[in-house]
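To keep things clear, I will list the structure first and then write my remarks on it.
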Amino acid sequence: QKEVEQNSGPLSVPEGAIASLNCTYSDRGSQSFFWYRQYSGKSPELIMSIYSNGDKEDGRFTAQLNKASQYVSLLIRDSQPSDSATYLCAAMDSNYQLIWGAGTKLIIKP
Amino acid sequence: EAQVTQNPRYLITVTGKKLTVTCSQNMNHEYMSWYRQDPGLGLRQIYYSMNVEVTDKGDVPEGYKVSRKEKRNFPLILESPSPNQTSLYFCASTEGRRGRTGELFFGEGSRLTVL
């Protein structure tokens, strides 16, 4: 059974600090990874995709991929209350199917 | 405006009464998919379509049907809804290039309650 695991949280972070969200995956054949943000009662929204080992930065967001450890993370710098949401991690398996984590709820405290 | 449109957004129905949830995208995307989201279970794929007239089962297809007669539309059909199909449903689409089918655009969701 292919799995993507995330800590459900909630993860509470002070405003202005760095929020670190983590995800592990079981399928070594996975090559592509995605972070989605979902506000309560809303639809998921893609915020980052990462396809190769290392870091990928986009504004305040940095995605990190370590295929050897089968580990993906999302860092949010200068966290804002508007970053409070559930963050979904997804991995694309070798059959091009997305395997979803259950999400981590992030709370940014003013 | 690029968007995925679902209707209805909210629906309360009764067991056994056939219903259709429509999904339409205006981005000329090849790939479309239906998910359901339940508390604690995350997103689970129901059906997906790589292109017109091509559909495949996802992880939880039982009790659902789909069709893809046109590129822009991908309706979800519940022939005989049951209470365990009470859920939040999302339609999603993407260009469909290999390896990029993870970059999904989601509709606003349809909250379905089956009594």
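The basis for the numbers below is simple: all heavy atoms, side chains too, and nothing from hydrogens, waters or symmetry mates. Labels below follow one simple rule: chain letters A, B, ... track the order of the sequence lines, proteins then strands, and each chain is numbered from 1.
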Check whether more than 12 heavy atoms from other residues, nucleotides or ligands sit under 6.0 Å from atom NZ of A:K105, and answer yes or no. no
Stepwise salt bridge (Lys or Arg N to Asp or Glu O under 4.0 Å) check, B:R68 with B:E30: CA-CA 10 Å; B:R68 187 91 182 273; B:E30 290 185 353; over 6 Å; no
Counting only non-hydrogen atoms closer than 4.5 Å, does A:L88 touch chain B with its backbone (N, CA, C, O), its side chain (CB onward), both, or neither? side chain
Check whether A:Y36 gets within reach of chain B through its side chain, its backbone, both or neither, counting any heavy atom under 4.5 Å. side chain
I'd like to know if A:D58 and A:K56 make a salt bridge, using a cut-off of under 4.0 Å between side-chain N and carboxylate O. no
At a heavy-atom separation under 4.5 Å, does B:Y48 approach chain A through its side chain, its backbone, both, or neither? side chain
Would you mind writing out the side-chain donor-acceptor pairs for residues 107-115 of chain B within the sub-3.5 Å range, not counting sequence neighbours?
unit_1	atom_1	unit_2	atom_2	d
B:E108	OE1	B:R9	NH1	3.3
B:S110	OG	B:Q6	NE2	3.0
B:S110	OG	B:P8	O	2.7

If we define contacts as heavy-atom pairs under 4.5 Å, which of B:L41, B:L88, B:L43 has the most with chain A? B:L43
